[in-house]
Each structure stands twice: as C-alpha cells, then as structure tokens.
Protein chains: 2
Amino acid sequence: MPQPSTAVLMFVAYRHAEKRIVDFLAESGFGDITLAQGRIAARLSEDGLRLTELAEQAQVTKQTAGFLVDQLEAAGYVERVPDPSDARARLIRLAPRGRQVQRRARVMERRIEAEWERHLGAERMADLHASLADLREITDPYR
Amino acid sequence: MPQPSTAVLMFVAYRHAEKRIVDFLAESGFGDITLAQGRIAARLSEDGLRLTELAEQAQVTKQTAGFLVDQLEAAGYVERVPDPSDARARLIRLAPRGRQVQRRARVMERRIEAEWERHLGAERMADLHASLADLREITDPYR
DNA sequence: GATAATCGTCAGAGAATCTTACCATTCCGG
DNA sequence: CCGGAATGGTAAGATTCTCTGACGATTATC
C-alpha cells in the first residue's frame with residue numbers, strides 16, 4: 001500500500017478507536033462484551049428498536065442481529081419488550097447495565113476524540129467530523 | 001445513536017467503500033475474493049512481504065494471515081517464494097492474477113473517491129484525506 | 001557453541017456470519 | 001371482510017474468520 005486510500009485510512013483510525021474502547025470496557029468490568037456485540041449495543045437506547053431496524057442499521061442479517069441480541073440479553077445489557085403497535089414485533093432496549101456500559105464507552109470515545117483534536121487542532125478536527133457527517137448522505141443507506 | 005462519533009462515521013464510509021469494491025470485483029470475474037481476503041491482498045505487492053509483517057499490518061494473528069494467504073494462494077492470487085535473506089521466512093507476493101484484481105479494485109476505489117470529491121468539493125476532500133493521513137501517526141502502530 | 005528470539009505451521013476451538021426454511025401477525029386489494 | 005402478500009421474527013445448519021497454545025526450523029546473541 002504505497003498511498004493508502006481515503007477509505008483505508010478511515011478503517012485504520014476506526015479500528016484503533018474500537019479496540020481501545022473494547023479494551024477500556026474490559027478494564028471497567030465489562031469484559032464480556034465482544035466487538036460484534038458492541039457494534040449492536042452502540043445503536044440501542046432506552047427507547048427500544050425493532051430487530052429488523054437494528055439489523056439494517058448494523059448492516060447484518062436479522063438472524064445475526066438476533067444472535068447477538070440473545071447474548072446481550074443473557075448478559076443483562078438489553079431486554080426485549082412487546083411492541084405495543086405490532087404484536088409480531090418486540091422492541092429491544094437497553095437495560096440498566098446496558099446504559100452503564102454505554103456511558104462508560106462514551107468516556108473513552110470522548111478521550112480518543114480529544115486526542116485526535118490535540119493532534120489535528122480544533123479547526124481541522126471540526127472539519128473532519130463535518131466532512132464525514134456529510135459523506136454519510138451518500139454512504140449510509142439507513143441514515 | 002443520536003450523534004455518531006467521528007470513529008463511527010469513519011466506519012460507515014469505510015464499509016460502504018469496501019462493500020462496493022468487493023461487489024465490483026465479483027462482477028469483474030473475481031467472485032471468489034472475500035472481504036477478509038481482500039484486506040490481506042490489498043497490502044501485498046510484487047515485492048513480497050513476510051507473513052509476520054503482513055499479519056501486523058492487517059492487525060490479525062499470523063495464524064489468521066496464514067489461513068487467508070493459503071486461500072489466496074490456492075485461488076492463484078498470490079505465491080510464496082523463499083526469502084533469500086532468511087531461510088525460515090518466505091515472501092508472499094502478488095501473482096499475475098493478484099495484480100489484475102488489485103488494478104481492478106483501484107478502478108472502483110478511484111470511482112468512489114471521485115464521488116466523495118463531487119459531494120464535498122475538491123478542497124474539503126483534500127483536507128479530509130490529509131487529516132486522516134495525519135491521524136495515522138497516532139492510530140496506526142505499524143505505520 | 002549454548003541459549004534466546006524469530007518465522008512459520010499445526011491442531012483445536014469459539015465467534016460471527018450467512019442461507020434456507022418456517023410460523024405468526026398485519027396489511028391490502030377486490 | 002376475506003384471502004393473498006408482505007413483514008417481524010425464529011430455527012437449523014453450514015461456512016468463514018479468528019484466536020490460543022504448542023511446536024519445529026532457523027537465526028541472532030552472548
């Protein structure tokens with residue numbers, strides 16, 4: 001790779017951040033969260049989300065999403081409740097332990113972004129974020 | 001995810017690009033290349049690289065790298081040759097078919113970057129690439 | 001030369017993912 | 001309002017990717 005493409009450069013930085021967050025969570029007493037579970041859990045809130053939507057957003061099949069949610073549920077991070085508007089569906093929402101781990105993950109997320117800002121300067125960091133957010137319009141079908 | 005972090009935004013764009021490249025390769029007659037194989041193959045050249053270095057750069061264990069190189073070798077994309085400077089080692093280098101697929105991947109890579117540039121404008125695209133390249137200094141241990 | 005480090009492989013296991021098929025519920029056109 | 005199509009989710013099974021631990025061969029170090 002003489003000149004890594006823009007996309008590969010994104011991957012390098014992303015994976016660095018992801019790994020540091022998972023390691024940090026392990027140190028914080030959440031050692032049972034895997035990377036794949038984290039990608040799912042990051043998309044949940046207390047509001048609840050259907051499995052189908054979750055799977056679309058996370059870009060996996062609903063079977064895969066269900067598999068990971070099963071594990072998160074068994075570990076006490078999420079819970080499934082009936083969807084009042086549709087008896088076929090259930091809403092997946094963060095349990096208290098899930099909120100804890102999400103708060104903890106955000107701590108490291110902010111720390112990493114602070115490092116990046118120190119390295120790039122505030123203005124370039126803001127531009128970087130803005131450009132990435134704009135790219136989402138043409139790269140994220142589930143925006 | 002109310003406000004996706006910078007890292008997650010990187011992942012979204014990266015995955016979009018990666019998927020489009022793999023799909024494009026499949027249409028181009030390279031339907032046997034998987035995503036994981038592609039991440040390995042992207043780092044190779046005709047010069048040859050040791051398995052250990054390849055594994056470090058791709059951020060996988062050398063067993064995993066070996067597993068993927070076995071498949072790439074069986075499919076004719078790469079070949080292993082003795083390392084003249086060390087009898088323990090072998091160099092993994094692109095075979096002719098590997099060079100073909102890499103050229104093809106670069107076509108789509110450039111196409112995607114052109115789309116991004118149309119969306120952001122030339123200046124912001126250049127800034128994005130430069131910032132990502134700078135971040136690599138603090139995010140990529142194998143730079 | 002003896003010892004330690006490095007390069008790669010083998011064996012075995014676990015995690016994540018997919019495809020195909022299916023049931024239950026809801027939506028919709030006639 | 002009824003019957004077919006669509007949607008939400010699960011089940012079963014296979015495949016792919018990845019890791020840990022152990023090991024033989026070669027090289028580097030003292």
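Atoms considered below: every heavy atom in the structure, side chains included; atoms not considered: hydrogens, waters and symmetry mates. To find a chain, count down the sequence lines: A is the first, B the second, and so on, and within it residues start at 1.
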_Value in whole Å for how far the P atom of C:dA15 lies from CG of A:L68_ = 11 Å
*Sugar-phosphate, base or nothing in reach of A:E53, heavy atoms under 4.0 Å*: nothing
*Atom NZ of A:K62 to atom P of C:dA21: distance rounded to whole Å?*
15 Å
*For DNA chain D, which nucleotides open and close the run of contacts to chain B, 5' to 3', at under 4.0 angstrom from a non-hydrogen atom?*
D:dC17 to D:dT27
*Send over the distance from A:R39 CZ to C:dA15 P, rounded to a whole Å.*
16 Å
*Is the number of heavy atoms from other residues, nucleotides or ligands within 6.0 Å of CZ (B:R39) greater than 12?*
yes
*Would you mind reading off the distance between B:F67 atom CZ and C:dA11 atom P, rounded to a whole angstrom?*
14 Å
*Just how far, in rounded Å, is P of C:dT17 from CD of B:E18?*
13 Å
*Does any N or O in the side chain of A:Q37 come within less than 3.5 Å of the main-chain N or O of A:L72, such that one atom is a donor and the other an acceptor?*
no
*Report yes or no: does B:S131 contribute a side-chain atom to a donor-acceptor pair with the main-chain N or O of B:D127 at less than 3.5 Å?*
yes
*Separation of A:Q63 atom CD from C:dA16 atom C1', in whole Å?*
13 Å
*Reckon A:T64 touches a base, only the sugar-phosphate, or nothing at all at heavy-atom distances under 4.0 Å?*
base
*Establish, for the pair A:R111 and A:F24, whether the NZ or CZ atom is under 6.0 angstrom from the six-membered ring centre and no further than 45 degrees off its axis.*
yes
*C:dC27 P sits how many Å from A:D83 CG, rounded?*
11 Å
_Need to verify one output field. Residue with the more 5' nearest nucleotide on DNA chain C, A:Q37 or B:L91?_
B:L91
*Just to confirm, is there a sub-4.0 Å distance from OP1 or OP2 of C:dA24 to any side-chain nitrogen or oxygen of A:R90?*
no
*Phosphate contact (C:dC7 OP1 or OP2) by B:R50 side-chain N/O below 4.0 Å*: yes
_Donor-acceptor contact present, side-chain B:E18 to main-chain B:L35, <3.5 Å_ = no
*Is the number of heavy atoms from other residues, nucleotides or ligands under 6.0 Å of B:R15 CZ greater than 12?*
yes
*Please report, rounded to the nearest Å, how far the P atom of C:dT17 is from the CZ atom of B:R15.*
10 Å
_Can a side-chain donor-acceptor contact be found between B:Q102 and B:R106 if the only test is distance below 3.5 angstrom?_
yes
